[in-house]
Amino acid sequence: MRFSIVTLGCKVNAYESQFYGKALKEKGWTEDDENFDVIVVNTCAVTNTAAAKSRQMLHRAKKKNPDAYAVVIGCYAQVATPEEKEKIGADLLIGSKDKKKVADLIESHIKTRERFEDIQPVGERFDFEAMPIEQFETKHRAFLKVQDGCNQFCSYCIIPYARGRERSLALDEVVSIAKKLEQKGHLEIVLTGIHTGRYDDGEHDLVDLLEALLANTSEKVTYRLSSIEITEISDRFIALMAREPRILHHLHIPVQSGCDATLKRMNRPYTIQEFQDRVEVIRHSIPDVSISTDVIAGFKQESDEEFEQTMENLTAIGFSFLHVFPYSIRKGTAAEKMPGTVHGAVVKERVERLLEQSRQLRAKDMARFKEGDVLIEQQEGDEWTGYTNQYHPVRIESEIPLSGRLHVTFDSIEDDHYQVKVKKEDENAIK
């Protein structure tokens with residue numbers, strides 16, 4: 001049997017899709033994006049647009065192969081109304097529970113072709129579903145999902161309704177997976193989750209987990225967090241990151257807005273001053289840390305004055321770069337019923353201004369560093385690319401083959417990349 005997987009949304013979805021592919025391959029199936037017997041759409045529901053795109057991806061795949069068995073899994077499958085489910089037209093729908101059973105569920109129901117739903121109410125307590133992936137193809141960087149779910153209920157966000165309450169993978173299981181990833185040659189492990197910073201397996205928190213990972217893997221393995229909230233960064237975490245270079249000095253901390261009035265409407269649990277004060281504590285202990293963030297442009301009732309406050313405060317905080325998202329209404333969230341929708345043209349203009357600000361912020365942050373470690377990830381001809389510890393992209397033109405983690409001197413910065421040229425005589429110097 002042949003399958004194809006389409007993934008929408010976040011890094012957690014990307015991780016889960018890799019697990020689905022692994023599970024199907026273990027049953028002897030092959031991946032084929034052109035001629036497939038089963039199409040799996042791993043959906044996103046963070047905005048109405050994302051939900052619509054999830055439907056479009058399935059319909060596009062079915063148009064390519066009308067006889068394919070159609071599986072819709074994840075956030076949109078969980079929150080879709082009965083009418084939306086009918087429009088989706090899937091043979092099998094799996095919500096936020098039983099994802100690890102996807103291969104077995106497909107195998108069980110593909111024979112009869114009867115439509116089947118496996119969607120449990122998110123009000124019920126879900127256990128963490130371990131989805132171990134012990135090898136990532138062609139990359140030294142690996143991802144390890146350690147947490148799922150959200151208890152925060154930001155007014156714009158559907159995720160607590162789509163993924164359920166917070167839950168975490170047991171520390172011993174995380175360590176076991178990390179050791180296997182090291183055995184397969186991975187040099188960097190990214191801990192990921194919906195709220196990675198709120199890791200809690202009932203006995204251990206995130207700092208306990210990091211200490212256990214450091215103690216049980218070799219000195220060559222480094223760790224990175226996919227993201228963490230400002231309220232989740234404890235003094236213990238800062239102290240550990242400051243003294244342990246294997247926890248890479250980059251943090252992605254979503255701020256979402258730089259204006260207190262907007263943050264309050266978003267139901268974010270801090271003021272911009274509290275956010276900035278905590279960032280200063282982090283930088284005092286870890287001077288070479290780079291901090292990136294997420295920003296939403298054009299949230300309900302965001303005035304010109306509020307947006308200008310955001311621009312000013314983002315510059316004052318000094319982020320290394322911004323991930324910018326135009327606000328889009330999501331059915332079922334508190335913000336859906338708020339008045340004051342910002343006109344689309346205004347939102348588009350604000351997005352462009354934030355993207356330009358991000359380019360300026362990245363250039364300023366990159367200019368702080370003249371050299372650094374780079375984890376090589378991809379090769380195309382005589383050019384290798386990767387990321388520094390601070391998660392800035394590097395492009396290396398080399399006369400010799402490169403792999404693993406290298407220490408290099410940056411020649412210049414062009415197109416938001418460090419540029420490096422390596423000649424044959426540099427072979428010993430870069431290692």
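Values below: all heavy atoms of this structure, side chains included; hydrogens, waters and symmetry mates excluded. In this chain, numbering begins with 1 at the start of the sequence shown.
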Tell me yes or no: between the side chains of [X] and [Y], is some donor less than 3.5 Å from an acceptor?
{"X": "Q390", "Y": "S320", "value": "no"}
{"X": "H407", "Y": "E371", "value": "yes"}
{"X": "Q309", "Y": "N313", "value": "no"}
{"X": "E188", "Y": "H140", "value": "no"}
{"X": "R198", "Y": "S168", "value": "no"}
{"X": "S292", "Y": "H250", "value": "yes"}
{"X": "N42", "Y": "S17", "value": "yes"}

Considering residues at least two apart in sequence or located in another chain, which fulfil the side-chain contact (heavy atoms from CB on, under 4.5 Å) criterion with A334?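 Per chain and number, A334 pairs via side-chain contact (heavy atoms from CB on, under 4.5 Å) with S155.
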Quick check: closest heavy atoms across [X] and [Y], and the distance to 0.1 Å?
{"X": "T262", "Y": "S257", "answer": "CB-OG, 3.3 Å"}
{"X": "P132", "Y": "I177", "answer": "CB-CD1, 3.7 Å"}
{"X": "G318", "Y": "L361", "answer": "CA-CD2, 4.4 Å"}

Got a salt bridge between R350 and D304, using NZ or NE/NH1/NH2 to carboxylate O under 4.0 Å?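 D304 and R350: salt-bridged.
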Indicate the ring-plane relationship of Y387 and Y391, choosing parallel, tilted or perpendicular according to the 30° and 60° boundaries.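 Plane angle under 30°, so parallel.
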Is the ring pair Y418/H392 parallel, tilted or perpendicular, if the boundaries are 30 and 60 degrees?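 Taking H392 first and then Y418, their aromatic rings stand perpendicular (interplane angle over 60°).
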Out of the candidates T47, T49, N48, only one should pair with R330 under the side-chain hydrogen bond (donor to acceptor under 3.5 Å, both in side chains) rule; please name it.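 It is N48; the other options fail the test.
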Which of these, V190, N389, L375, sits in a side chain to side chain contact (heavy atoms under 4.5 Å, CB included) with L248?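 So, applying the side chain to side chain contact (heavy atoms under 4.5 Å, CB included) to L248 and each of V190, N389, L375, only N389 qualifies.
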Validate the cation-pi geometry between R167 and F128: distance from NZ or CZ to the six-membered ring centre under 6.0 Å, angle to the ring axis within 45°.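 Not satisfied by the 6.0 Å and 45° rule.
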Would Y161 and F153 satisfy ring pair (Phe, Tyr, Trp, His ring centres under 6.0 Å), going step by step from the backbone distance to the final call? CA-CA 9 Å; Y161 306 98; F153 291 92; 5.4 Å; yes
ring-ring contact (aromatic ring centres under 6.0 Å, His included) involving F299 - partner list, sequence neighbours excluded: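 With neighbours one apart ignored, the set is Y327.
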